[in-house]
Amino acid sequence: MSPEELTAAIDALLRNHPPATTDPQDFLGARFDAGLAWVWVDRADGGSNAAPALQALVEQRLTAAGAPQPGAYNPIGIGMCGPTLLAHGTPEQRAKYLRPLFTGAEVWSQLFSEPSAGSDVAGLATRARRDGDGWVLDGQKVWTSFAHLARRGLLLARTDPDVPKHNGITAFLVDLHAPGVDVRPLRQMTGAAEFNEVFFDGVRVSDADRIGDVGAGWRVGTTTLMNERVSLGGALATRAEPGSDILDGYRHAVSRGEGNPVRRDQAVRLWIEANVNHLTAIRAAAGGNRGKPGPEGSVLKLTSAEYNRRAAEFQVDLLGMSGSLVPDYEMRRPTLPYGSGGVPAPTTWYLRTRANTIEGGTSEVLRNILGERVLGLPGDVRVDKGVAWKDVPR
Amino acid sequence: MSSGVFTEEQEELRRTVRTFLERTSPESAVRRLMESAEGYDPAVWKQMGEQLGLQGIHVPEEYGGSGFSFVELCLVLEEMGAHLFSGPFFASAVLATEALLGSTDEEAKKELLPGIAGGETIATLAYANDAGHPDGAVEAVSTPSGYTLSGARHFVLDGALADLILVVACADAGPSLFAVEKGAAGLTTAPLSTMDLTRKQADLVFDGTPARLIGSEGDADDGLVQVLRLACVALVNESVGGARAVLAQATTYAKERIQFGRPIGSFQAIKHKCADMLVAVEGARSAAYHAAEVAATGDSSLAVTASLAKSFVGEAYLSVAAENIQVHGGIGFTWEHPAHLYFKRAKASSLLFGDPLHHREILAARFGL
């Protein structure tokens with residue numbers, strides 16, 4: 001589809017379904033049916049066979065028109081599970097799951113991390129055993145965003161413990177309302193419970209809900225994780241005036257008579273950093289890597305996490321003793337649409353940013369990825385290489 | 001270029017320039033020239049003008065140049081930075097060229113720019129006082145037989161070599177731009193002993209030196225500010241080339257150097273250092289390419305963008321040049337290894353046209369902080 005045809009399709013969508021008066025889910029359904037969900041894929045999958053770079057045009061036009069953001073209604077589904085389904089799902093799976101995923105009718109979670117498999121996700125232990133024409137799941141997942149609201153999950157399980165860890169993993173699409181699934185809140189240092197622990201006790205999964213080949217789950221999971229980094233790092237690209245919150249924070253401090261040349265320079269440094277990250281995000285997006293995330297995602301994920309931590313600390317420092325106060329430590333759980341909970345207080349946000357350099361790949365793992373996959377440096381010495389998963393110490 | 005991504009034509013130009021520099025500016029040539037007083041190879045300079053027209057890349061065709069945008073000038077500088085190209089390119093094709101292009105003096109442009117664009121004239125800009133700031137220090141007096149200049153200009157890039165020196169001097173109506181020819185009466189040039197041997201500097205003393213007014217009296221104030229902003233943008237793009245080169249050197253060495261029976265790049269202490277270098281280089285590219293785009297469009301945001309880039313890239317280049325020495329260990333500290341050449345270029349560039357803190361001060365003042 002040409003840019004002109006795409007523009008016409010956007011015009012028609014906005015004309016027939018005015019965002020102001022249309023239910024968000026209905027609007028997103030109409031957007032999917034108009035081929036404007038992911039423009040570079042086939043019509044049946046919510047696309048228009050257009051150039052991937054044209055996605056930016058769609059996002060800009062729809063945002064300007066005040067249209068609902070699909071990511072707000074299904075953050076993990078849009079950011080990670082959708083792209084994974086597009087890359088690895090069968091036509092039947094895509095037909096069944098993509099539309100309700102896009103509209104938010106079915107919220108999705110990603111179930112990779114486990115208590116004993118954090119940075120070493122491929123060491124995961126949740127078992128999927130063959131049972132007739134299906135599978136049975138037993139195990140525990142952790143750090144699962146939105147599992148308390150989710151209907152579906154993208155899960156990696158161990159299907160063969162007798163081969164090296166990467167080769168014995170299979171990916172599944174699981175119904176989180178199925179018998180044997182138990183979702184419990186996981187309370188974090190901010191007091192809130194953004195994440196969940198999910199327990200699987202004899203949960204049945206149909207073989208039709210296996211994604212990718214048996215034993216090929218690691219490749220499926222890699223797609224998801226690359227999209228996670230783009231999604232976490234790329235949020236900066238859309239920010240209107242990067243770093244303006246830092247300058248405002250410093251101006252407030254000055255108005256209280258607490259200006260200081262060191263903090264002033266810190267403010268400008270952070271402003272510069274915010275803008276450089278923003279420019280890198282724009283450059284990465286313009287590089288045409290939409291739908292095919294590249295190493296820029298890992299660069300951005302790393303820099304934005306480190307920036308967030310410093311920026312949040314700066315804001316708390318500006319507050320002096322008031323920075324030592326928190327509104328409360330209530331165990332809040334996220335609601336959808338995402339972001340509707342308002343802006344967190346500076347100290348709460350400061351505490352939250354400690355997770356930025358851990359979630360979605362620690363900064364240390366990301367440096368390994370940049371070093372090995374981008375710069376081509378040799379891997380570290382590994383004791384689990386070529387060893388059957390069941391024989392690796394844990 | 002848009003959104004920091006170059007067009008296919010621009011990448012083609014990059015390849016051409018790179019091939020030329022690989023041939024004419026290998027490390028051996030850089031070392032030979034840095035030990036010489038002039039610091040450039042006249043034969044290479046001539047070829048560069050005649051075959052590639054690089055000296056006139058940002059000079060409009062009506063003044064004898066090839067009429068490319070500021071982005072192409074920055075792209076050429078990036079490749080030069082990667083090769084530590086030694087020669088008066090920055091002085092002539094950036095500083096003097098931009099100073100003339102920014103003036104309103106059509107006659108001077110028509111007369112002077114074609115020579116600079118073709119490489120026949122080597123020009124520079126003398127604007128700094130003994131603290132490196134654009135400030136007073138040279139007085140222009142109007143006499144019946146024309147203007148004469150008296151005073152001193154410092155840290156003039158390729159000031160001892162230049163055939164044509166554009167001088168910012170104070171006339172009755174304020175700061176004005178003048179042209180002085182090499183060997184003019186009362187002009188003394190003193191080459192400086194620079195840390196970065198690949199970029200020559202000189203102090204110039206004027207004592208009743210005859211000079212030609214470019215434009216009108218008092219119009220060099222804003223003009224110089226704009227030229228220095230463009231110079232910052234040009235310099236950060238040159239620095240990006242150097243930063244990319246040292247990242248490649250460090251990475252290559254980390255793959256080859258064996259200690260404790262393993263390539264040192266397999267140790268996370270080294271791997272993570274290299275990853276951080278990559279992150280710094282990618283950020284520097286984003287800032288520098290964006291600044292080049294803004295400079296090319298003439299957007300009013302140049303003041304902010306130039307200082308943003310000069311602060312960020314200055315620190316980024318210096319940090320990766322320093323880490324390159326560290327990754328190399330002992331060999332990286334030797335004279336025979338090129339790591340110090342890049343380190344010196346990085347540090348000197350960080351100080352040139354205002355250091356990172358100076359540019360953050362500019363930003364803070366603009367933001368009303």
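All values derive from a computational prediction rather than experimental measurement. Each chain gets a letter, A, B and so on, in the order the sequences are listed, and its residues count up from 1.
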Practice task
Nearest 0.5 Å please: distance from the CZ atom of F367(B) over to the CG atom of D248(A).
Solution key: 11.5 Å
Handout entry: Side-chain touch L308(B)/W271(A), heavy atoms, less than 4.5 angstrom
Key = yes
Fill in the blank from the handout: Among residues 312-319 of chain A, residues within the sub-4.5 Å heavy-atom range of chain B, in order of number, are none
Handout entry: Region of H272(B) in contact with chain A, defined by heavy-atom distances below 4.5 Å
Key = both
Fill in the blank from the handout: chain B shares the most heavy-atom pairs under 4.5 Å, among R269(A), E273(A), R251(A), with R269(A)
Problem - Top of G376(A), P261(A), G259(A) for chain B proximity - count of heavy-atom pairs under 4.5 angstrom - result: G376(A)
Fill in the blank from the handout: CG (D276(B)) and CG (L302(A)) are apart, to the nearest 0.5 Å, by 6.5 Å
Exercise for the section: Could you tell me which residues satisfy side-chain contact (heavy atoms from CB on, under 4.5 Å) with S266(B), sequence neighbours excluded, listed by chain and number? Expected result: P378(A), R262(B), P263(B)
Problem - Closest approach of L375(A) to A275(B) (non-hydrogen atoms, all atoms of both residues) - result: CD1-N, 4.1 Å
Practice task
Check each atom of L247(B) against the heavy atoms of chain A and say whether the ones under 4.5 Å are side chain, backbone, both or neither.
Solution key: side chain
Exercise for the section: Can you measure from CD (Q268(B)) to CZ (R367(A)) and round to the nearest 0.5 angstrom? Expected result: 10.5 Å
Practice task
Pick one of side chain, backbone, both or neither for L278(B), based on which atoms fall under 4.5 Å of a heavy atom in chain A.
Solution key: side chain
Problem - Greater than 12 external heavy atoms within 6.0 Å of K347(B)'s NZ - result: no
Exercise for the section: Applying side-chain contact (heavy atoms from CB on, under 4.5 Å), run through F267(B) and V381(A) and close with a yes or a no. Expected result: CA-CA 9 Å; F267(B) 292 104; V381(A) 168; over 6 Å; no
Exercise for the section: Could you tell me which non-hydrogen atom of T280(A) sits nearest to which non-hydrogen atom of G283(B), and how far apart they are? Expected result: OG1-CA, 4.1 Å
Practice task
Give a yes or no on whether the backbone of L369(B) and the side-chain of R264(A) come within a donor-acceptor separation of less than 3.5 Å.
Solution key: yes
Problem - Neighbourhood of chain A inside residues 350-365 of chain B, taking heavy atoms under 4.5 Å as contact - result: L357(B), R360(B), E361(B), L363(B), A364(B), A365(B)
Fill in the blank from the handout: Of the listed A309(B), G4(B), G368(B), A284(B), the one with the largest count of heavy-atom pairs under 4.5 Å with chain A is G4(B)
Completion exercise
Rounding to 0.5 Å, atoms CZ (F312(B)) and CG (N275(A)) come to a distance of 11.0 Å
Practice task
Check step by step if side-chain contact (heavy atoms from CB on, under 4.5 Å) holds for L377(A) and I270(B).
Solution key: CA-CA 10 Å; L377(A) 293 171; I270(B) 300 298; 5.8 Å; no
Practice task
Give, as side chain, backbone, both or neither, the part of S311(B) having an atom under 4.5 angstrom from any heavy atom of chain A.
Solution key: side chain
Practice task
To the nearest 0.5 Å, tell me how far S3(B) OG sits from I282(A) CD1.
Solution key: 6.5 Å
Fill in the blank from the handout: Output for pair (L370(A) CG, C274(B) SG), nearest 0.5 Å, gives 11.0 Å
Handout entry: Residues from residues 224-231 of chain B approaching chain A under 4.5 Å (heavy atoms)
Key = none
Practice task
Using a strict 4.0 Å threshold on nitrogen-to-oxygen distance, state whether K271(B) and E364(A) make a salt bridge.
Solution key: no
Completion exercise
If one checks every heavy atom of V254(A) against chain B at 4.5 Å, the contacting part turns out to be neither
